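Below is one structure, written out as structure tokens; comments come after it.
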Amino acid sequence: MKNSPENSLPTWIFFSNVDATLVNESARQLLVWSGESFGRLLRSTENILNALMTNDHRLTKESVVELVALLGSCVGSNPYPPPDTRSLFTDCIMVLSRYLAQLPKDEI
């Protein structure tokens, strides 16, 4: 039977405690900075960050990709982000993309 999105198991990405904490703290600072301008996407981002901070520090591959997109939208919600915002965003994206890059090519 061929795997399809309906019958395949999720691909889990497990983060170290240090990486999970870095992503969580940097992303939450971005959310505070963006505030109301981020609107309804704020809750989705918080839900993913809360899932990341559980005991096993794991997210599905789809959640990692969604988090990258949400953080990009967060930074893009203000046309003139301060320099520290860019470094927070870079910290998050570097960690998330490193974990995505470690997946086997057929899982990406």
Side-chain angles (χ1 to χ4, degrees):
M1 178 178 206
K2 189 173 186 175
N3 269 346
S4 66
E6 296 82 32
N7 68 4
S8 64
L9 295 173
T11 300
W12 291 99
I13 299 175
F14 292 85
F15 293 81
S16 71
N17 185 45
V18 171
D19 287 340
T21 302
L22 174 67
V23 169
N24 183 60
E25 290 177 0
S26 296
R28 290 194 187 277
Q29 288 179 38
L30 286 172
L31 295 177
V32 168
W33 164 77
S34 67
E36 294 301 316
S37 65
F38 196 44
R40 62 185 182 84
L41 299 176
L42 179 67
R43 193 74 193 129
S44 297
T45 309
E46 287 178 333
N47 287 340
I48 294 172
L49 293 173
N50 289 338
L52 175 63
M53 294 313 292
T54 60
N55 289 338
D56 54 6
H57 300 302
R58 71 177 184 166
L59 291 175
T60 62
K61 171 187 66 174
E62 289 77 15
S63 292
V64 173
V65 171
E66 184 179 359
L67 184 56
V68 169
L70 287 166
L71 293 174
S73 296
C74 176
V75 172
S77 67
N78 184 330
Y80 305 106
D84 60 331
T85 302
R86 289 190 180 114
S87 66
L88 291 171
F89 177 71
T90 301
D91 288 346
C92 290
I93 298 306
M94 293 299 290
V95 170
L96 296 172
S97 60
R98 181 169 29 96
Y99 280 90
L100 283 173
Q102 292 172 359
L103 291 175
K105 296 298 179 207
D106 60 338
E107 301 232 4
I108 297 178

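Numbering of residues begins at 1 and proceeds along the displayed sequence. It should be emphasised that the depicted structure is a prediction, and the values quoted were computed from it without experimental measurement.
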Is Ser26 reaching over with its side chain to a backbone N or O of Val23, donor-acceptor style, under 3.5 angstrom?
no
Would you indicate whether the side-chain heavy atoms of Leu52 and Ile48 approach each other to under 4.5 Å?
no
Check each of Ile13, Asn17, Val18 against His57 using the side-chain contact (heavy atoms from CB on, under 4.5 Å) test, and report the only one that passes.
Asn17
Only one of Asn55, Asp56, Thr60 clears side-chain hydrogen bond (donor to acceptor under 3.5 Å, both in side chains) with Arg58; which?
Asp56
Under 4.5 Å between side-chain heavy atoms, hopping through other hydrophobics if needed: is there a path connecting Leu96 to Trp12?
no
Honestly curious: do Met94 and Leu49 fall in one hydrophobic cluster under the side-chain, below-4.5 Å linking rule?
no
Shortest non-hydrogen pair, Tyr99 vs Ser16, comes out as OH-N, 3.1 Å
Are any of the side-chain heavy atoms of Leu22 and Phe15 separated by less than 4.5 Å?
no
Within-4.5 Å side-chain heavy-atom neighbours: Thr21 and Met53
yes
Determine, using the 4.5 Å side-chain heavy-atom cutoff (strictly less than), whether Leu103 and Val64 are members of one ILVMFWY cluster.
yes
For Cys74 and Leu30 the tightest heavy-atom approach is SG-O, 3.5 Å
OG1/Thr90 to CD1/Ile93 distance, rounded to the nearest 0.5 angstrom?
8.0 Å
With salt bridge (charged side-chain N to carboxylate O under 4.0 Å, His left out) as the rule and sequence neighbours excluded, what pairs involving residues 10-22 come up?
Asp19-Arg98
Decide, yes or no, whether a salt bridge links Glu25 with Arg28 under the criterion of side-chain N to carboxylate O below 4.0 Å.
no
Looking only at heavy atoms, what is the nearest atom pair of Pro82 and Trp33, with distance?
CD-NE1, 3.4 Å
